[in-house]
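Working notes, beginning with the structure itself.
The residues of the chain are indexed from 1 along the displayed sequence. Read the numbers this way: they start at 1 and go in the same order the structure lists the ligands and their atoms.
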Amino acid sequence: MSKRFEIESEFIQQQNTKGVGLLETDYAHLGEKLQRSNVNIEDLTAKAQKLRIAVPSWGVGTGGTRFARFPQAGEPRDVYEKLEDCATVFKLVRSTPAVSLHIPWDKPDDAAELRRFAREHDLYFDAMNSNTFQDHPGQALSYKFGSLTHPDPAVRRQAVEHNIECIEIGKVLGSKALTVWIADGGNFPGQVHPRRALERYLESTHAICKALPADWRMFLEHKLYEPAFYSTVINDWGTSYYCARELGPKVSCLVDLGHHAPNVNIEMIVARLIQLGKLAGFHFNDSKYGDDDLDAGSIKPFQLFLIFNELVDAELCAVPQFDPVYMLDQSHNITDPLESLMASAIEVTRAYVQARLVDRQALTEAQEKCDPLLALATLKQAFTTDVSPILAVARQRSGGAIDPMETYRNSGYRKGKARERQRVSSEQFSGIV
Ligand code: LRH
Ligand code: MN
């Protein structure tokens with residue numbers, strides 16, 4: 001088999017020679033500026049190098065909407081080619097060694113072989129995602145009217161068994177978590193009995209919990225609406241929290257930023273779930289209206305910063321059981337998915353580093369002295385600091401690209417893959433999200 005096109009690290013180093021001079025100047029300048037507020041830039045760079053963000057396997061192919069999908073040349077045709085693309089993103093930005101798979105979209109014929117392939121590409125598997133929001137070939141019963149909460153116990157059992165199958169595949173792959181998002185709900189008043197549906201959800205998720213290995217976690221993902229447009233069973237963080245508490249210590253609440261009504265204060269929900277010891281982690285993306293699945297930090301970067309402000313505050317206060325997972329969950333309808341994933345991983349790291357710049361003592365004093373403008377100014381001081389040199393040096397020191405987008409474009413990767421991946425198979429991307 002001919003060698004597959006990939007970006008060599010020598011090429012990345014060679015590309016870095018173009019920007020390294022200016023970067024060192026900017027980095028030194030920022031270092032001096034931060035030193036004046038007793039912040040050691042090296043600590044921040046080291047922290048940036050340690051941040052880990054999982055990429056969604058379904059994010060490397062072109063997404064779409066119910067109106068249209070505009071596939072591009074060189075789309076990955078199977079889970080192996082998806083991993084190749086995830087590995088390319090990791091090579092360039094160095095913060096994304098983890099991949100989150102979706103079953104059955106990524107169901108491997110040989111899970112052990114897939115694990116070997118991932119390891120050969122320096123990748124490992126984060127949370128597995130089950131899928132009882134579509135009917136799959138060979139499936140006996142339909143999820144049209146629900147899955148884990150369906151009135152028919154046989155459908156609920158089928159959905160529970162699918163989740164257990166995801167756990168079994170995940171065990172071979174080395175994953176340690178299962179994310180459960182269900183589309184269950186109704187489009188008409190009266191269609192779903194809210195209390196019975198929630199009881200059935202708990203009965204079903206209890207059965208899934210029993211199949212969880214001792215060192216696994218289960219993440220419940222709430223969503224206000226879509227595809228159900230009148231009522232959704234797990235529609236908000238409160239319902240998710242109640243269920244996570246009922247289901248026990250292995251279960252916690254995953255926050256997908258796009259799953260809330262416009263203008264909901266998501267950083268407050270994050271602070272609550274941290275305080276209640278039930279924050280699982282995130283599906284980072286951005287949105288203007290609904291679950292738009294746009295690139296993280298592209299629409300509301302201040303909100304992303306405020307979310308990380310809560311996360312860093314919890315980290316610094318050593319809040320018990322605080323170990324959130326950071327994942328991207330996006331749909332790249334008009335951009336090269338790899339460029340969007342790289343840009344999004346960088347924006348998540350930016351928000352984290354800026355949140356680490358917050359003068360916590362000054363903020364606490366302003367809060368305790370009821371000085372709102374000083375409190376806001378303290379946050380804005382950090383948010384308006386351009387930490388790009390720190391992000392670039394962190395990538396460079398980890399063997400990545402100073403300018404991932406330019407290096408990727410100069411590499412000809414997309415063209416190379418277009419040549420290599422002549423036939424774009426449709427079934428992989430029937431799951432337009
Ligand atoms: C639902 C969701 C969920 C995934 C799917 C791909 O909107 O956010 O996390 O299963 O997108
Ligand atoms: Mn999600």
Side-chain angles (χ1 to χ4, degrees), residues 53-66 69 79 82 86 98-107 125-136 143 146-148 159 162-163 165-167 169-170 175 177-185 205 208 217-229 232-237 239-240 252-261 264 266 269-270 273 279-287 289-296 304 307 324-333 337 340-341 344 348 428-433:
I53 304 159
V55 292
S57 62
W58 59 94
V60 290
T62 301
T65 71
R66 58 186 165 175
R69 180 174 167 264
V79 66
K82 290 179 187 178
C86 294
V99 178
S100 191
L101 294 184
H102 222 297
I103 306 293
W105 296 339
D106 304 317
K107 187 172 178 178
F125 294 105
D126 205 304
M128 304 296 288
N129 294 269
S130 59
N131 178 341
T132 59
F133 52 85
Q134 293 172 318
D135 290 343
H136 310 294
Y143 294 133
S147 62
L148 298 177
H162 165 71
N163 279 276
E165 182 197 13
C166 294
I167 295 169
I169 295 169
S175 172
L178 172 70
T179 295
V180 180
W181 169 69
I182 59 169
D184 295 29
T205 41
I208 299 169
R217 297 192 283 173
M218 183 157 85
F219 306 151
L220 309 181
E221 185 177 0
H222 60 273
K223 183 173 182 179
L224 180 64
Y225 79 102
E226 188 205 44
F229 292 104
T232 292
V233 179
I234 308 302
N235 64 326
D236 65 9
W237 77 274
T239 305
S240 179
S252 47
C253 308
L254 184 134
V255 179
D256 184 312
L257 302 197
H259 289 187
H260 305 86
V264 160
I266 299 176
I269 294 173
V270 171
L273 288 171
L279 178 66
F282 297 86
H283 278 179
F284 289 119
N285 48 55
D286 215 332
S287 52
Y289 306 103
D291 187 21
D292 311 336
D293 280 339
L294 300 172
D295 295 6
L304 188 60
I307 288 169
V325 291
Y326 301 146
M327 284 178 261
L328 299 172
D329 179 5
Q330 301 174 177
S331 177
H332 309 115
N333 305 345
S340 278
L341 287 170
S344 304
V348 168
Q428 247 85 32
F429 291 102
S430 58
I432 287 179
V433 286

Aromatic plane relationship, Tyr326 with Phe282 - under 30° parallel, 30 to 60° tilted, over 60° perpendicular:
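If you compare the ring of Phe282 with that of Tyr326, the planes turn out tilted.
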Aromatic rings Trp105 and Phe133: how do their planes relate, parallel, tilted or perpendicular, breaks at 30° and 60°?
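Because their plane-to-plane angle is over 60°, the rings of Trp105 and Phe133 count as perpendicular.
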Restricting to N, O or S, what is the name of the atom of Glu221 that lies nearest the Mn ion (ligand 2)?
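This turns out to be OE2.
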Taking just the N, O or S atoms of His283, which one is nearest to the Mn ion (ligand 2)?
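For His283, the N/O/S atom sitting closest to the Mn ion (ligand 2) is ND1.
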Which angle, to the nearest 10 degrees, do you find at the Mn ion (ligand 2) between OD2 in Asp329 and OD2 in Asp256?
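Angle OD2(Asp329)-the Mn ion (ligand 2)-OD2(Asp256): 100°, rounded to 10°.
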Between Gln330 and Ala296, is there a donor-acceptor pair closer than 3.5 Å when you use the side chain of the first and the backbone of the second?
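Here the side-chain-to-backbone pair exists.
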Please classify the Asp256 to ligand 1 contact at 4.0 Å (heavy-atom distances, strictly less than): side chain, backbone, both or neither.
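For Asp256, the contact with ligand 1 is made by the side chain alone.
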Counting heavy atoms only, which part of Asp293 comes closer than 4.0 Å to ligand 1: side chain, backbone, both or neither?
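Looking at Asp293 and ligand 1, no heavy atom falls under 4.0 Å.
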Is a donor from one side chain sitting under 3.5 angstrom from an acceptor on the other, for Thr65 and Asn333?
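No, because no side-chain N or O of Thr65 sits under 3.5 Å from a partner of the opposite role on Asn333.
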Return the option from His259, Met327, Glu221, Lys223 holding the heavy atom at the smallest distance from atom 9 (O) of ligand 1.
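That would be Glu221.
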Sub-4.0 Å atoms of ligand 1 with respect to non-hydrogen atoms of Trp58:
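Near Trp58, the atoms of ligand 1 are 6 (C).
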In ligand 1, which numbered atoms sit nearer than 4.0 Å to a non-hydrogen atom of His283?
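It comes down to these atoms of ligand 1: 9 (O).
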Purely on distance, is any nitrogen or oxygen of Asp291 under 3.5 Å from one on ligand 1?
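Checking ligand 1 against Asp291, an N or O pair does fall under 3.5 Å apart.
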Taking the side chain as everything from C-beta on, heavy atoms only, tell me whether [X] gets closer than 4.5 Å to [Y].
X      : Y      : answer
Pro104 : Asn131 : yes
Asp286 : Leu304 : no
Ile167 : Ile208 : yes

Can you tell me if His102 contacts ligand 1 (heavy atom of the residue under 4.0 Å from the ligand)?
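Per 4.0 Å heavy-atom rule, His102 contacts ligand 1.
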